[in-house]
Every structure is written in structure tokens, then in C-alpha cells.
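Position 1 is the first residue of the sequence, and the numbers go up from there. Hydrogens, waters and symmetry mates play no part in the numbers below; they use all other heavy atoms, side chains included. The shown structure was predicted, so the numbers you read here are calculated from the model rather than taken from an experiment.
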Amino acid sequence: MEESSGSVHTDSGGGGAGRGGAGVPRRTPVLEDRSTRKRRAVLEAATILFLRHGYLGTSMDQIAARAAVSKPTVYKFFSDKEQLFTEIVLGTLDRFGDPFRAELSVLAETDRLAADLMQLGRRYIATVTQPPVLQLRRLVIGASHQLPGLARAYYESAPEQTMRAIAGCFMQLAARGLLQLADAQVAASHFAFLVLGHAIDKSLFCGDRPFSDSELAAQADAGVSAFLAIYGRDRG
């Protein structure tokens with residue numbers, strides 16, 4: 001039987017008119033047509049297969065089969081495997097990285113630098129050690145010889161963009177007299193390596209969760225404390 005032209009997803013359960021009575025607002029339906037569903041199925045199938053078999057070990061035929069679509073349908077959405085892989089990688093980076101970078105604009109206005117920087121450090125280390133982020137980072141490193149453009153885009157969209165955002169935040173904090181620094185980019189690099197260094201290195205080689213949440217928080221706190229000892233307003 002042919003599928004209907006669209007499916008409906010609601011934001012949450014609950015009643016509309018006729019289920020819950022008057023005064024209960026209707027949920028705004030989110031319409032997803034067949035093409036959108038198929039494209040999403042391709043992305044989900046490709047993500048699973050890339051993570052399982054790597055970039056070189058995954059074919060467009062396998063992706064089509066797992067997504068339950070035809071191979072021409074896959075090529076309708078993505079011109080080749082590289083474009084598909086690139087969208088998955090960069091989309092994951094944006095999904096995890098954008099909220100963190102948005103927090104930096106809030107930190108720039110803080111009057112509680114030590115406490116808020118501790119919280120930011122914890123969120124930073126939690127973000128970069130999320131299993132999907134680690135898994136895709138390993139994939140990109142492994143495929144960097146075949147896909148140098150993607151490797152460069154990954155670096156520019158993740159570490160480099162984040163470093164620029166941190167440096168911009170630190171410049172604002174320094175202008176307010178809360179940090180003492182000569183070079184904001186250098187300070188941002190020091191902050192990143194102090195907070196992330198050991199955790200990111202071990203996580204890339206020793207599985208997705210080699211540290212407990214409390215161990216990650218402790219490393220972030222220690223890194224922030226060392227950073228403030230160097231760059232803080234009240235440094236010795």
C-alpha cells in the first residue's frame with residue numbers, strides 16, 4: 001500500500017479538542033513529507049554504518065539497504081559518499097558545539113568568574129567527550145588521508161571555531177578587569193588544553209567512556225583552577 005503524502009509528529013503528547021475538553025491547547029503538528037523521512041532514514045543508516053565499518057568499509061549500496069530505500073534515492077539526496085559523510089560529521093559538530101559556544105556570550109558578562117568558568121569547563125569537557133563526538137572524531141582522523149578537505153573543515157568548524165569564541169570571551173573579560181592576559185588566543189589554547197588534555201587523549205584511544213562523570217568534572221575543575229592561577233585578576 002502506498003504511503004500517505006506526509007506523517008505528523010507532535011511536540012508532546014496530550015489532548016487537543018475532544019480529548020481533554022475545552023481550554024486544552026492543540027499541539028502544533030510537525031509535518032514531515034515522504035522525501036524528508038527518506039532523507040532522514042539515509043542519514044541515520046549511514047551514521048550507523050560509518051561508525052560500525054568506517055568510511056572506506058561502508059558502501060552506498062549498504063546504506064540504501066539499511067535505510068530501506070533505493071540506491072537512486074540515496075543519490076537524489078547526496079551526490080556521493082563523501083558529501084553524505086561530510087553532512088553527518090559537520091551536522092554533529094554543530095549540534096553539540098553551537099550550544100557551548102552560545103554560553104560564552106553569557107560568561108563574558110559574568111560577575112562570578114571563578115564559579116561560572118568552572119561550570120563552563122565542566123560543560124566543555126562533557127561536550128567533547130560525548131560518544132557521538134568521539135566516534136566521529138576518530139572516523140575523520142582515520143579518513144583524513146582520503147578526505148583532506150573534510151579533515152580541514154572539521155578542524156575549522158570545531159577546535160578552531162571554539163578557540164576563536166573562547167578568545168573573544170576572554171578579551172571581553174580582560175577588558176572588564178577580570179582576567180590578565182597579553183594574547184587572548186594563547187590564553188584560549190591554554191584553557192582548552194588544561195581542561196581537556198588528558199581526557200580527550202585517553203578517550204580517543206581507550207573507548208567512549210574511560211572516565212566517570214565525576215572524574216571529568218574533577219579534571220575540568222583542576223584545569224580551570226590552574227588557568228585562573230595564571231590569568232586570574234587575583235593571581236599572585
Side-chain angles (χ1 to χ4, degrees), residues 89-138 140-141 144 149-206 208-236:
V89 170
L90 298 185
T92 300
L93 292 180
D94 289 342
R95 191 165 63 252
F96 284 94
D98 286 350
F100 171 77
R101 287 187 289 269
E103 292 182 35
L104 291 167
S105 62
V106 178
L107 178 66
E109 303 299 325
T110 186
D111 292 317
R112 304 168 55 252
L113 179 60
D116 289 346
L117 196 58
M118 288 281 186
Q119 289 301 313
L120 184 82
R122 290 184 176 201
R123 284 190 288 272
Y124 193 13
I125 201 169
T127 297
V128 300
T129 57
Q130 287 288 315
V133 177
L134 290 169
Q135 291 160 7
L136 286 177
R137 188 168 187 166
R138 295 188 196 106
V140 172
I141 292 170
S144 60
L150 174 58
R152 189 177 305 109
Y154 178 100
Y155 179 78
E156 292 171 352
S157 298
E160 189 170 67
Q161 185 177 353
T162 300
M163 287 299 98
R164 286 198 303 267
I166 293 173
C169 175
F170 286 174
M171 288 177 66
Q172 294 180 65
L173 291 167
R176 296 175 56 214
L178 296 178
L179 290 177
Q180 301 181 55
L181 48 89
D183 187 319
Q185 288 288 347
V186 171
S189 295
H190 288 168
F191 177 80
F193 282 102
L194 286 168
V195 170
L196 304 179
H198 178 53
I200 193 67
D201 283 347
K202 187 171 182 178
S203 295
L204 283 172
F205 294 100
C206 300
D208 292 338
R209 293 192 179 277
F211 298 99
S212 67
D213 290 345
S214 60
E215 288 172 329
L216 290 175
Q219 177 172 317
D221 291 351
V224 171
S225 295
F227 176 82
L228 289 175
I230 302 169
Y231 292 104
R233 176 175 58 187
D234 300 323
R235 67 186 182 184

Heavy-atom count check: over 12 atoms from other residues, nucleotides or ligands less than 6.0 Å from Met171 CE? no
Assess whether atom CZ of Arg123 is packed by more than 12 heavy atoms of other residues, nucleotides or ligands within 6.0 Å. yes
Can you tell me how far [atom2] of [Y] sits from [atom1] of [X], rounded to the nearest 0.5 angstrom?
X: Leu93; Y: Glu156; atom1: CG; atom2: CD; result: 12.0 Å
X: Leu150; Y: Tyr154; atom1: CG; atom2: OH; result: 10.0 Å
X: Glu109; Y: Leu173; atom1: CD; atom2: CG; result: 8.5 Å
X: Arg137; Y: Thr129; atom1: CZ; atom2: OG1; result: 11.0 Å
X: Ser203; Y: His198; atom1: OG; atom2: NE2; result: 8.5 Å
X: Glu160; Y: Arg152; atom1: CD; atom2: CZ; result: 11.0 Å

Is the shortest side-chain N to carboxylate O distance from Asp111 to Arg176 below 4.0 Å? yes
I would like to know whether Phe227 and Leu117 meet side chain to side chain contact (heavy atoms under 4.5 Å, CB included); could you show each step before the answer? CA-CA 10 Å; Phe227 176 82; Leu117 196 58; 3.9 Å; yes
Which heavy atom in [X] sits nearest to a heavy atom in [Y], and how many Å separate them?
X: Gly232; Y: Leu179; value: CA-CD2, 4.3 Å
X: Ile200; Y: Leu134; value: CD1-CD2, 3.8 Å
X: Leu107; Y: Asp116; value: CD1-CB, 3.7 Å
X: Gln185; Y: Met163; value: OE1-O, 4.2 Å
X: Ile125; Y: Val195; value: CD1-O, 3.3 Å
X: Leu178; Y: Leu113; value: O-CD2, 3.4 Å

Check for me whether the distance between the ring centres of Phe191 and Phe170 falls short of 6.0 Å. yes
Would you call Leu104 and Tyr124 a side-chain contact if the rule is heavy atoms closer than 4.5 Å? no
State, with a plain yes or no, whether a side-chain heavy atom of Leu216 is found less than 4.5 Å away from one of Arg122. no
Hey, is the main chain of [Y] close enough, under 3.5 Å, to the side chain of [X] for a donor-acceptor pair?
X: Thr162; Y: Pro159; value: no
X: Gln180; Y: Ala174; value: no
X: Ser144; Y: Ile141; value: yes

In sequence, state the C-alpha distance, the side-chain angles, and the governing distance for Gln219 and Glu215, and then conclude on side chain to side chain contact (heavy atoms under 4.5 Å, CB included). CA-CA 6 Å; Gln219 177 172 317; Glu215 288 172 329; over 6 Å; no
How far apart are the C-alpha atoms of Arg138 and Asp208, what are their side-chain angles, what is the distance that settles it, and do they pass the side chain to side chain contact (heavy atoms under 4.5 Å, CB included) test? CA-CA 11 Å; Arg138 295 188 196 106; Asp208 292 338; 2.9 Å; yes
Go through the steps to decide whether Leu181 and Ile230 satisfy the test side chain to side chain contact (heavy atoms under 4.5 Å, CB included), and finish with yes or no. CA-CA 9 Å; Leu181 48 89; Ile230 302 169; over 6 Å; no
